[in-house]
Number of protein chains: 2
Amino acid sequence: MSKTTPRPVTMKDVARHAGVSRTAVSLVLNGRDSVALADETRARVLAVAAELGYRPNAGARALANQRSDWYGLVTEIVTAPFAVDIIKGAQDRAHVDEKYLLIASTESDPAAETAVIERLLEQRVEGLLYAATWHRAVTLPEIAREVPTVLVNCFDREGRFPAVVPDERAGGRRATERLLAAGHRRIGFVNLDPDMPAAVGRRIGFHETLREAGIANDENLEIYGHATADGGYAAASALLDLAEPPTALFCANDRMAMGAYDAIKERGLRIPHDVAVIGFDNQELIAAYLRPGLTTVALPFETMGAKGVDLLAAIITGQSTATETVTVDCPLLERASV
Amino acid sequence: MSKTTPRPVTMKDVARHAGVSRTAVSLVLNGRDSVALADETRARVLAVAAELGYRPNAGARALANQRSDWYGLVTEIVTAPFAVDIIKGAQDRAHVDEKYLLIASTESDPAAETAVIERLLEQRVEGLLYAATWHRAVTLPEIAREVPTVLVNCFDREGRFPAVVPDERAGGRRATERLLAAGHRRIGFVNLDPDMPAAVGRRIGFHETLREAGIANDENLEIYGHATADGGYAAASALLDLAEPPTALFCANDRMAMGAYDAIKERGLRIPHDVAVIGFDNQELIAAYLRPGLTTVALPFETMGAKGVDLLAAIITGQSTATETVTVDCPLLERASV
DNA sequence: GTGAAAGCGCTAACAT
DNA sequence: ATGTTAGCGCTTTCAC
């Protein structure tokens, strides 16, 4: 009595119904011109295939072709509001090459990571994309070397893999320039833990832009905060309570900017009237919903995902071989806080 | 001169090196006890396989087994801070059955959706999970019927598919009860667009809990807002400016609670001292970073993902056949706003 | 123009 | 206990 799922229709079925050989069906369905087929035959095959609801078996095809058309994407999906955008960018880009993404998640547990990649390799993925949710140095399991691999939003500690990373420094410049353009000269910088590549790059961009504008460096205006709203609140508070407080705050991430908003409002100051704020990351949920909307520098996750596939494809087809690191621009997103 | 990727080692290779037949290798590697093999042979095969770095070809195995071990998960990944958790829950649960998830994303464009499912079926997925990012009625493309399908965080308009959805009503109860327990009697309710299942369910829970507590319904205390921070701000403002303002606000989502925070703080009131706030959704980025942290009812995405796979597996193995709808509890997350 | 045949890597029934 | 064989669905070469 159990509902038996009918067995999928195969090429053999199509061939039989159309009264031709399996070869003919294959040729027609794959549009091979190498061999000339009678238009009549071609049409009949197509018709029968449609009628029967023929659907190619991707696995069988991969076996015969010795080509899976798959890339593996491994990412720390748990912690990842960002992962989604990388996935989207990668998926869309893969689609244009008619490649598909096998997405696997890890929890940055190295053992699990190896196991996950192992599974991907069993599926015979043609290449691997390894995406991090925050920009950092990583160490891939050895097993990743068995197949072309590209890092996204992270880089290999020893530089053995090609990588795609955000241009933090240019992002820092961009934020600073925006504040400068709005007339600010005393800009407070609430930075992240200085160990992070993000903190380093953004800071360099900040300082070099200031220098180029002929603004002397004021150490009091730079402060490190815990990368949370509370951290931003504390840091911003300290800055605002300075004898000569800044008129603008560059927060190295949106969460800290969220805290900074509180500190500013608490002092009866208005954004951007009394104090301008600019963030970094463009975490939609925060930046778009803060009041006023937060002007921020966006991390180009989608673009990085796409670029990653680009690079991977180039490597697989042999057009690129270097372990080059590609840098992606961080665009400014204007909202209403500057 | 191009780096030739070595062809993966196959069972045949292992057999040759071990001096046994391919059958023997298959038997050993799959731990088949049906046929007795000499321990010595068994050990030799294992050793050779390890030495050669043999890795099974999942596709070939699927072909021979007529079983892919895959489920397809289609979701609107673009807009989805939530999708991630559903994916995680589903993936972890699938893992225990040694099933794998093929994740595909759509942008709710019906044509694209059909195409995406088509691809999944070409991979011969054994079943389909269709996950929405917000709880609602959906209409699946006909093609989804070709294979067992379970809806997650949504339900079929005609009830033809089994589904897993959050228990909005119990969630509404839970929030209200929490406020009641804190001693509040005048509770303002900032609800979502009343067309949404979420709004309907949460509202019912709210009202029935109030009624059971013997609190008369006060229409002035219920208001609909646009589902954004601005909407929450406006709605909360209206409530707070009432002649007899509420002492607590139940916001039907965290974004609106975010706006409510602003409205409250602007009036010099303190949370939760003067006004308590409870949200819904538990959007980490907001709820955890708001100051004070937002107490909220969590949408059980991870559990729903897991339950979805559960149901799907049951259907595939014929243990469940009904188009039942499973309801998942929404737990309360205490932070500091009540 | 069309079809027979071999092979992709793996499984399993069957014979030895 | 071990090996032979056919077959999973598809592709492609090569002879007709």
Side-chain angles (χ1 to χ4, degrees), chain A residues 5-46 48-49 52-70 98 121-126, chain B residues 5-46 48-49 52-70 98 121-126:
Chain A
T5 315
R7 222 133 166 308
V9 359
T10 70
M11 276 197 173
K12 185 153 65 172
D13 300 326
V14 175
R16 186 155 31 82
H17 279 79
V20 302
S21 73
R22 275 140 76 244
T23 314
V25 175
S26 173
L27 261 21
V28 170
L29 262 25
N30 291 306
R32 287 277 169 285
D33 306 333
S34 53
V35 180
L37 287 182
D39 282 354
E40 200 273 329
T41 309
R42 180 172 247 93
R44 185 146 37 91
V45 168
L46 257 14
V48 171
L52 261 38
Y54 169 75
R55 200 190 319 280
N57 179 323
R61 173 179 294 174
L63 226 207
N65 280 336
Q66 292 291 86
R67 189 165 47 75
S68 66
D69 284 331
W70 278 344
E98 302 199 60
L121 293 179
E122 288 183 3
Q123 304 295 343
R124 296 297 186 265
V125 295
E126 299 172 18
Chain B
T5 314
R7 221 133 168 309
V9 0
T10 72
M11 277 197 172
K12 185 154 63 173
D13 300 325
V14 176
R16 185 157 32 83
H17 279 80
V20 302
S21 73
R22 275 142 72 241
T23 314
V25 175
S26 173
L27 260 22
V28 170
L29 262 26
N30 291 307
R32 286 276 170 287
D33 307 331
S34 54
V35 181
L37 287 183
D39 280 355
E40 200 272 328
T41 309
R42 180 172 248 93
R44 186 147 36 91
V45 168
L46 256 15
V48 172
L52 262 39
Y54 169 75
R55 200 192 318 279
N57 179 323
R61 173 179 294 173
L63 225 206
N65 279 336
Q66 293 290 88
R67 190 166 46 76
S68 66
D69 284 331
W70 277 345
E98 301 199 61
L121 292 179
E122 287 183 4
Q123 304 295 344
R124 296 298 185 264
V125 295
E126 298 172 19

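Chain letters run A, B, ... following the sequence lines, proteins first, then strands; residues in each count from 1. Any value given below was found using the heavy atoms of this structure, including those in side chains, with hydrogens, waters and symmetry copies removed.
Dashed line: the shortest gap from a side-chain N or O of A/Arg61 to OP1 or OP2 of D/dG9 is not under 4.0 Å. An OP1 or OP2 oxygen of D/dC10 is reached within less than 4.0 angstrom by no side-chain nitrogen or oxygen of A/Asn65. Contact between the side-chain N/O atoms of B/Gln66 and the OP1/OP2 oxygens of D/dG9 is found at a separation under 4.0 Å.
Between B/Gln123 and B/Ser68, every side-chain heavy-atom pair lies at or beyond the 4.5 Å cut-off. Side-chain contact between A/Val9 and A/Arg55 is absent, with no heavy atoms from C-beta onward closer than 4.5 Å.
Across the interface with DNA chain D, nearest-nucleotide mapping of B/Ala64 and B/Ser21 shows B/Ser21 to be the residue nearer the 5′ end.
Heavy atoms of A/Ser26 sit under 4.0 angstrom from at least one base atom.
Rounded to a whole Å, the CZ atom of A/Arg67 is 21 Å from the P atom of D/dG9. What separates CG of A/Leu29 from C1' of C/dT2 is a distance of 16 Å, to the nearest Å. Across the protein-nucleic acid pair, B/Arg22 atom CZ and D/dT5 atom C1' stand 10 Å apart, rounded to whole Å. B/Asn57 places its CG atom 18 Å from the P atom of C/dG7, with the value rounded to the nearest Å. Rounding to whole angstrom units, CZ of residue B/Arg42 and C1' of D/dT2 are separated by 13 Å. Protein atom CE of B/Met11 is 14 Å distant from nucleotide atom C1' of C/dC8, rounded to whole Å. One atom, CG of B/Leu27, and another, C1' of C/dC10, lie 12 Å apart when rounded to the nearest Å. Atom P of nucleotide C/dA5 and atom NZ of A/Lys12 are separated by 15 Å, given to the nearest angstrom.
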Q: Could you walk me through whether A/Met11 and A/Tyr54 pass side-chain contact (heavy atoms from CB on, under 4.5 Å), step by step?
A: CA-CA 8 Å; A/Met11 276 197 173; A/Tyr54 169 75; 3.4 Å; yes
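Within 6.0 Å of the CD atom in A/Gln66, the count of heavy atoms belonging to other residues, nucleotides or ligands exceeds 12.
Heavy-atom minimum distance, B/Val25 versus B/Val14: CG1-CG1, 4.0 Å.
For C/dA12, the base has a donor-acceptor partner in the side chain of B/Thr23 [N/O atoms by modelled type, under 3.5 angstrom].
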